[in-house]
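Residue numbers begin at 1 in each chain, while the letters A, B, ... track the order of the sequences. In this text, all values refer to a predicted model and were calculated from it rather than measured experimentally.
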Protein chains: 2
Amino acid sequence: MHNPSKKSSEPHSLSLSFELFNEIGIVAQLARSKLTDQLPEGLMSSHFGVLNHLIRIGDGPTPMKLASAFQVPKTTMTHTLKGLVANQLVDIKPCSEDGRSKRVWITDAGHQLRQQTIANMGPELAGLLNNIPDQQLQTMIKNLTTIRQQLDANRGS
Amino acid sequence: MHNPSKKSSEPHSLSLSFELFNEIGIVAQLARSKLTDQLPEGLMSSHFGVLNHLIRIGDGPTPMKLASAFQVPKTTMTHTLKGLVANQLVDIKPCSEDGRSKRVWITDAGHQLRQQTIANMGPELAGLLNNIPDQQLQTMIKNLTTIRQQLDANRGS
DNA sequence: GTTATATGGTGCGATATCGCACTAAATAAC
DNA sequence: GTTATTTAGTGCGATATCGCACCATATAAC
């Protein structure tokens, strides 16, 4: 499968590149489906994504920051946050420094839901990765992060 | 970053597993956004996904096969195919062997659109992967395929 | 055969996502 | 200061996605 004649500085074949993104898309779809099943009625993967982001990156971002992080339109984030507020999983307060902006804070219930979901799904997800050596897992995460950052960088182009 | 004390047969840490799927989800979202921008008005990544699948896997699957492949509800695939038919990118004909089923065939226009889209996006996607050695790319695809197959296997659970 | 069950596909209503237009506030130009 | 431009957020209409109910056909049970 590996082509030893190819130098690492050469571009990858288009088909191979496409195949990678294709696999990424399918796995993401399958994982999203499983995640949605785990969440309480009325909550989607998008809601969980925001909660997870608030814990991972830190509390108090503006809705615009969140929309940018997930690369979704502002209106989509407005709608997602509306659902989170309705379920009392986040609080939204006006930004004292910028009258246009608001800031998003996760509630205790939000924190708890995120913890519970990870506890519920974690073992199953980890099970899927059992056949993958730890080093390869680390490498995958590193490479995916690199790809994400590059995609993030030229999002306007 | 690598933990040499961990045996490969031990389960990965929950946080690491979650981080992997998180990165997969974000990259997929970003790539989907780019793909949608490339497609003509009225077509989404879901439409392209079907066209790509028909070329990759082969012509003539039933809608149910397609829904299963992408792990989306039947109704979603019905809707997606309706859009493809409306744009004359696929043909749907009744299945001669099973009166309940139909079969999906890609048209010349569909084939052409898929080719054109790959030509448009391919270089950009490949560029994102330039920093990744070819062998790591191969390994990523292999592991993602493994994960997908396992997710596919126990989709009912 | 007849009946029960399983499967492929669709219609319909509810929610999610998105593009466009708009308001309010901040920033820049002058 | 006044005006023009940019930016954050929302309302609204259109499409996408999904769960549920339903029909048609195929398969299994008998």
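- In this structure, the side chain of B:Q38 does not engage the main chain of B:M121 through any donor-acceptor pair within 3.5 Å.
- Partners of A:F21 under the ring-ring contact (aromatic ring centres under 6.0 Å, His included) rule, at least two apart in sequence or in another chain, do not exist in this structure.
- Listed by chain and number, the residues in a side-chain contact (heavy atoms from CB on, under 4.5 Å) with B:T36 are B:R32, B:S45 (sequence neighbours excluded).
- Protein chain A contacts DNA chain C over a range whose 5' and 3' limits, counting nucleotides with an atom under 4.0 angstrom from a non-hydrogen atom, are C:dA16 to C:dA26.
- When each of B:S45 and A:P63 is assigned the nucleotide of DNA chain D bearing its nearest heavy atom, the one mapping closer to the 5' terminus is A:P63.
- Between the axis at the start and the axis at the end of the helix from C:dG1-D:dC30 to C:dC30-D:dG1 there is an angle of 30°, using five pairs per end and rounding to 10 degrees.
- Looking at heavy-atom distances under 4.0 Å, A:T62 makes contact with sugar-phosphate atoms alone, never a base.
- Within the 4.5 Å cutoff, the side chain of A:M140 has heavy atoms near those of the B:L144 side chain.
- The shortest side-chain heavy-atom distance between B:H47 and B:M44 falls under the 4.5 Å cut-off.
- Side-chain contact between B:L81 and B:M77 is present, with heavy atoms from C-beta onward closer than 4.5 Å.
- The salt bridge (charged side-chain N to carboxylate O under 4.0 Å, His left out) analysis of residues 99-115 of chain A, with sequence neighbours excluded, yields the pairs A:D98-A:R100.
- Within the structure, no pair that satisfies the side chain to side chain donor-acceptor pair (under 3.5 Å) test touches residues 73-94 of chain A, not counting sequence neighbours.
- Residues passing the ring-ring contact (aromatic ring centres under 6.0 Å, His included) test with B:H53, sequence neighbours excluded: B:F70.
- For the segment residues 47-57 of chain B, the set of residues with a heavy atom within less than 4.0 Å of an atom of DNA chain D comprises B:H47, in numerical order.
- With contacts defined as side-chain heavy-atom distances shorter than 4.5 Å, the pair A:V50/A:L89 does not qualify.
- Taking 4.5 Å as the limit, every side-chain heavy atom of A:V90 sits out of range of all side-chain heavy atoms of A:W105.
- In this structure A:E19 satisfies the side-chain hydrogen bond (donor to acceptor under 3.5 Å, both in side chains) test with no other residue, sequence neighbours excluded.
- A heavy atom lying under 4.0 Å from DNA chain C marks the following residues of residues 94-103 of chain A, by number: A:D98, A:G99, A:R100.
- Taking the side chain as every heavy atom from C-beta outward, B:R148 and A:L30 approach each other to under 4.5 Å.
- DNA chain D lies under 4.0 Å from at least one heavy atom of each of the following residues of residues 72-93 of chain B: B:V72, B:P73, B:T75, B:T76, B:H79, B:T80.
- Between the side chain of B:T145 and the backbone N or O of B:I141 there is at least one donor-acceptor pair closer than 3.5 Å.
- Residues that satisfy the side-chain contact (heavy atoms from CB on, under 4.5 Å) test with B:K65, not counting sequence neighbours, are B:P61, B:T62.
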